[in-house]
S.K.: 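Sharing a structure with you now.
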Amino acid sequence: MGANVKEAIRGQSKADFYAKLGISLKESSETEYWLDLLHETEFINDELFQVMFSDNIELTKILTAILKTRRKCS
């Protein structure tokens, strides 16, 4: 997720910027899956899961807000 955001910042155009952020949003969904899997298999405990899951939700909200802003401006 972070690598795609970094690439977006250095994007060649506005379209490239938003495309990379869209990829980051998809990656946040994948991150949620992996966190759920790690938690369900007890690889990470409840406390760590809650912190990481909450952080991921916040990042998802930020990315979604940026992408929604673009749609309003287009």
Side-chain angles (χ1 to χ4, degrees):
M1 199 180 337
N4 287 307
V5 170
K6 186 75 169 179
E7 284 186 40
I9 292 168
R10 304 240 190 271
Q12 297 175 353
S13 65
K14 284 186 179 182
D16 188 36
F17 173 79
Y18 289 110
K20 295 284 193 293
L21 286 186
I23 294 168
S24 294
L25 187 57
K26 290 178 184 181
E27 294 293 331
S28 71
S29 181
E30 183 178 342
T31 298
E32 186 176 324
Y33 165 79
W34 287 113
L35 288 172
D36 283 334
L37 185 65
L38 291 169
H39 184 243
E40 290 297 320
T41 59
E42 298 181 1
F43 194 82
I44 58 175
N45 64 30
D46 292 340
E47 183 179 348
L48 183 56
F49 171 77
Q50 289 300 325
V51 169
M52 292 171 51
F53 192 83
S54 176
D55 287 348
N56 189 63
I57 294 297
E58 286 302 311
L59 291 170
T60 300
K61 288 178 182 179
I62 291 167
L63 291 168
T64 300
I66 293 169
L67 290 167
K68 280 185 180 178
T69 300
R70 181 205 182 216
R71 287 186 202 117
K72 289 179 184 176
C73 294
S74 295

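No hydrogens, no waters, no symmetry mates; every other heavy atom, side chains included, goes into these values.
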S.K.: Indicate if Leu38 and Leu48 have the same hydrophobic cluster label, given that clusters are the connected sets of ILVMFWY residues with side-chain heavy-atom separations under 4.5 angstrom.
M.R.: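 Hydrophobic grouping puts Leu38 with Leu48.
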S.K.: When rounded to the nearest 0.5 angstrom, what is the spacing between CZ in Phe43 and CG in Leu37?
M.R.: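 If we round to the nearest 0.5 Å, Phe43:CZ and Leu37:CG are 10.5 Å apart.
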S.K.: Within the 4.5 Å heavy-atom criterion, are Phe49 and Leu35 side-chain neighbours or not?
M.R.: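 SC-SC contact between Phe49 and Leu35 confirmed.
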S.K.: Of all heavy-atom pairs between Met1 and Ser24, which one has the smallest distance, and what is that distance?
M.R.: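 Heavy atoms of Met1 and Ser24 come nearest at O-OG, 3.3 Å.
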S.K.: At what distance, to the nearest 0.5 angstrom, does CG of Asp16 lie from CG of Leu21?
M.R.: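 Rounded to the nearest 0.5 Å, the CG-CG separation comes out at 9.5 Å.
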S.K.: Would you call Ile66 and Tyr18 a side-chain contact if the rule is heavy atoms closer than 4.5 Å?
M.R.: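 In contact.
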S.K.: Are side-chain heavy atoms of Glu32 and Ile57 found at a separation under 4.5 Å?
M.R.: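 When only atoms from C-beta onward are counted, Ile57 and Glu32 do touch, with a gap below 4.5 Å.
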S.K.: Measure the OG-CG distance between Ser29 and Leu63 for me, rounded to the nearest 0.5 Å.
M.R.: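 Nearest 0.5 Å value for the OG-CG distance: 12.0 Å.
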S.K.: Between Phe17 and Leu59, is there shared hydrophobic-cluster membership here, with clusters defined by ILVMFWY side-chain heavy atoms closer than 4.5 Å?
M.R.: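 Per the 4.5 Å side-chain linkage, Phe17 and Leu59 are co-clustered.
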S.K.: Answer whether the closest heavy-atom distance between the side chains of Thr31 and Thr60 falls below 4.5 Å.
M.R.: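 Contact flag for Thr31/Thr60 side chains = no.
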S.K.: Indicate the atoms forming the closest heavy-atom contact of Asn4 with Lys20, along with that distance.
M.R.: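 Minimum heavy-atom separation between Asn4 and Lys20: O-CB, 3.6 Å.
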S.K.: Please report the interatomic distance NZ(Lys61) to NZ(Lys68), rounded to the nearest 0.5 Å.
M.R.: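 That separation rounds to 11.0 Å.
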S.K.: Could you state whether Tyr33 and Leu25 fall into the same hydrophobic cluster, counting links through intermediate Ile, Leu, Val, Met, Phe, Trp or Tyr residues with side-chain heavy atoms under 4.5 angstrom apart?
M.R.: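 Tyr33 does not cluster with Leu25.
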